[in-house]
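Everything below concerns the one structure shown next.
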Amino acid sequence: MDITDFYETFFEEAEELLADMERHLLELDVDDPDSEQLNAIFRAAHSIKGGAGTFGFDVLQKTTHLFENLLDHARNGELALRRDIVDTFLETKDMLNDQLDAYRNGDEPDQEAFERICKILQQLALEEIGKGLEAAGGDMPQPDAGAKSEPPSQPAEPETGAEASGDPAAGTGASNDGRRVVALLGVGEKDRELLVEELGQLGEVIEHHGDEKRYEVVMESTVSDDDIEAVMCFIIDAEQLEIRAPGKPGERPATGDAAGDEEKAAQEAEPAATPKGAAGAASDEPPPASEAKGDGKPKPAAKSTDKPKAKAKAGSESTSIRVSVDKVDQIINLVGELIITQSMLDQTVSELEGPANGNLVNGMSLLQRNARDLQESVMSIRMIPMDFVFSRFPRVVRETAGKLGKEIELVTEGAATELDKSLTERIIDPLTHLVRNSLDHGIEPPEVREAAGKPRTGKLTLSAKHQGGNIIIEVIDDGAGLNREKLLEKARESGLNVSDTMSDDDVWQLIFAPGFSTAKEVTDVSGRGVGMDVVKRNIQGMGGSVQIMSKPGEGTTIRIVLPLTLAILDGMSIKVGSEMFILPLSAVLESLQPAKEDIYAMAGDDVVLKVRDEYLPVVAVHEALDVADARTELTETIAVIVQGEGRRYALLVDDLVGQQQVVVKNLETNYRKVPGVSAATILGDGSVALILDITGLHRLSRQKKEARRPKSATRSLESVTDNEMETSS
Amino acid sequence: MNQTTTDVAMAAAEAQNSEFLVFSLGDEEYAIDILKVQEIRGYENVTRIANTPDFIKGVTNLRGVIVPIVDLRIKFNLEKVEYGGQTVVIVVNVEDRIVGIVVDGVSDVMTLSPDQIKPAPEFGVTLSSDFLSGLGSLEDRMLVIVDIDKLLTSDEMALVEKVAE
């Protein structure tokens, strides 16, 4: 097996870690950072570094290394966090994402960007950590040695853990009289000066000499070798550093190198195992290195605080496994087959008679229950909560709001609503676009809001909920709302065919026209007019639809309705002629046998059905889907009252067969989208039945009627009944 | 147009001898690349889909996968279209899609050398020579070698949804 086989695992894990990291960074309270969160961020960086090292992703490893060191100082309280520092961290996280993507695509990451981010991180390290040291120094009894030894006392904790178990000798090197020689290999003059200065902060530099190839600094310090290395590594690589006790050059070599080796060894281990191993070693058996440090330092408390951290690390071990979607789909297919076989058996058994078969019948019902449970569990594997999507929006909102100078509060509702994984992935882009749009065009600047008597802070709500067989995702802002006049004016300018009498809904839909933008000026957030049409297309591509509701001065709600393509559907099986169809049960309101006096013919061959003072348009399945042998006499059929996308109508079928759960099978996999049909399923006898699309069927029947009769009166009729519906519902 | 067919023929020549599955539509013999064939099964249990061209018979359940069934006899305007015990569905795999094609019968598998495959002449309207890899001559028999990939993904088959440009 080749190491590249593990790449994908690493990429996926790293991606998750980065997402985790971002979430924690965003939640971080800069004034009072939660140490657990800082630890979590640190751990994420550390794990990625380990993996990157193993797979030889140099740039990624170096970046995470710098990042990790900074984070380490932050979690030890030596780096006072500020908003801009967190921003830098976020930027670094993005950079890591980019690097990861580059490696994933088999490219080398952008060298320039890498150098830039390194510089920023090094700069930050030099400036901020120095400050932290001086601030801490005041409280310490031994200002010089004590304070300066304190900061780097813990940075390499996870490594020291590994070190302790692997090679205790490495640690003991640090506990001599404190004098040592630090050799810098292949370091340029400018960096040298900087490093010597930096070493001066850690202890007393006695002398320094040498050339670029090898530059030796003799210094006295109570700081451990690991810590010196950790600080130096902000500027140079571990390989460029050599630390040893003075006068014994031939002996146990530079601890710095040893530590480097240890670190590498730790990295070579399976990335996931690293934290656990290190944590185990650290808590079970305090490494000699930290023991020695504890003795020499006025702050032994540092040691005890490490233990809970280590334990927390072990506790947060992931309890999930990674499985490819293909495998899950295969299981789902197989379980579907199992259910079908079970139904077939069930049918056979139900035809048997006599007491002798009692056990068989019992067994069958047990099997049926188990099979259903199994199917439900399997289906739930593919479902992931919307939180997966929503969790990225705090960042988007924060950044966009910052750029626009607006104050915005983000509220998410229904983050636990589950949606098929393939859909969650595809909804992210359109949703991001809608959110940006709402922030840019919807919510007004604070001053305008105050003038309008609204709170300064705008509110953006993201909500998700299930409704029948659909998931409804809404982006709600409490901004200015859409401006009807402006939209119409703009539409005329763009040469679109509009009229003043258009309904609000139709006007709102204009924003989805290609190249349409009402923003006065183009910002880098939105306003180019590219996008809303793409958003709509994307959502339609997923089989969904977009609706807009807007009230001037009160805000806009954009509602995305998505079907759950891969799911079990509660279906009602119906028969038309000899053909069997499935109706989504969620769309079915009631069914009845039409009485002759309730049927009204209108404008030729159009028919409405009166149901409890409501006039509903009638759609005959056999007409829409050309079923030849269906009953055509209205009073002999059954009218199923269905509702789809707010529209209610009566669907004429021949017979109701029963209710059953069906596995939704996509028609598009091997075929294409069919009007009036949303998907297919496999029935108990192994045959395929089509699942009807309530909204599509209505559209189809109208198209058919219009095709038959070019001059049609259906439209006016529709709108009458629609209004009727709204008032009565 | 002849250019493309000769190209295809030449491509086939490079691949040396190829194996073809021979099937009959009425009295005519056709052949397709055997590597495209997934399986052969009987014609049964096909669910009709409304509002589709008549040569699309519907969909069937192939071990949990919904597969469209195309009747090539209707597509090729054959006079006699009957469904009986001999009617066979060849399940082919083209561009990651599984499609079943209805034919009158499957006769055998043949190996054709490149020089047995002649370029197809310009045909009539029903079967454009675009969809042919060539004509295979085998003593007194002539096999129409169909480029099943091109045929099934073509616009006129309306099997594949073209992404709107």
Side-chain angles (χ1 to χ4, degrees), chain A residues 329-341 533 537 540-541 576-582 621-630 663-677 679-692 696-697 700-701 703-704 707, chain B residues 36-39 41-72 74-75 83 89-102 148-149 151-165:
Chain A
D329 283 350
Q330 198 183 350
I331 295 176
I332 290 175
N333 263 343
L334 287 174
V335 172
E337 290 288 287
L338 179 72
I339 297 275
I340 291 161
T341 319
D533 59 321
R537 259 216 315 272
Q540 282 174 338
V576 181
S578 54
E579 294 184 30
M580 183 92 96
F581 297 99
I582 306 285
V621 175
H622 67 88
E623 274 176 25
L625 297 179
D626 301 320
V627 183
D629 48 356
V663 181
V664 179
K665 300 261 181 187
N666 203 329
L667 267 182
E668 283 107 288
T669 319
N670 291 314
Y671 188 46
R672 56 183 295 162
K673 217 170 158 43
V674 179
V677 173
T681 190
I682 295 168
L683 296 176
D685 62 359
S687 66
V688 178
L690 301 177
I691 301 173
L692 300 181
L697 211 54
L700 185 68
S701 117
Q703 280 166 3
K704 285 211 158 185
Chain B
K36 301 285 175 199
V37 179
Q38 184 182 315
E39 63 185 276
R41 61 199 326 256
Y43 179 87
E44 53 176 7
N45 246 339
V46 176
T47 302
R48 189 187 64 93
I49 296 185
N51 306 311
T52 50
D54 57 355
F55 55 83
I56 295 196
K57 295 308 294 176
V59 285
T60 195
N61 165 24
L62 184 74
R63 290 184 299 281
V65 181
I66 309 274
V67 174
I69 302 292
V70 182
D71 195 329
L72 281 188
I74 303 176
K75 177 64 192 158
Y83 298 94
V89 175
I90 305 177
V91 179
V92 293
N93 210 321
V94 288
E95 299 193 353
D96 288 335
R97 282 162 180 268
I98 302 169
V99 178
I101 52 178
V102 183
I148 200 77
D149 269 333
L151 177 66
L152 293 184
T153 53
S154 67
D155 283 343
E156 57 184 280
M157 291 304 280
L159 268 172
V160 181
E161 210 143 8
K162 293 278 187 251
V163 183
E165 299 297 323

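Note on naming: letters A, B, ... go to the chains in the order of the sequence lines (proteins, then strands), and numbering restarts at 1 for each one.
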key: Pick from A/Val677, A/Leu690, A/Val688, A/Asn670 with the largest number of heavy-atom pairs that fall under 4.5 Å of chain B   = A/Asn670
Among the listed options B/Asp96, B/Val59, B/Val67, the residue most often paired with chain A at heavy-atom distances under 4.5 Å = B/Val59
request  = For chain A, find which of B/Val65, B/Thr52, B/Ile49, B/Thr60 contributes the most heavy-atom pairs closer than 4.5 angstrom.
outcome  = B/Ile49
key: Listed partners of B/Thr47 passing side-chain hydrogen bond (donor to acceptor under 3.5 Å, both in side chains), at least two apart   = none
note = Sorted by chain and number, sequence neighbours left out, side-chain hydrogen bond (donor to acceptor under 3.5 Å, both in side chains) with A/Glu623 holds for none
inquiry  = Against B/Ile101, only a single residue in B/Val37, B/Leu152, B/Leu151, B/Ile69 fulfils side chain to side chain contact (heavy atoms under 4.5 Å, CB included); can you say which?
reply    = B/Leu152
inquiry  = Assess, by modelled atom type and distance only, whether the side chains of A/Lys704 and B/Asn51 contain a donor and an acceptor separated by less than 3.5 Å.
reply    = yes
Identify which part of [X] has an atom lying under 4.5 Å from any heavy atom of chain B, answering side chain, backbone, both or neither.
| X | result |
| --- | --- |
| A/Leu667 | side chain |
| A/Ile682 | side chain |
| A/Val674 | side chain |

query = Is any side-chain heavy atom of B/Asp71 less than 4.5 Å from a side-chain heavy atom of B/Tyr83?
reply = yes
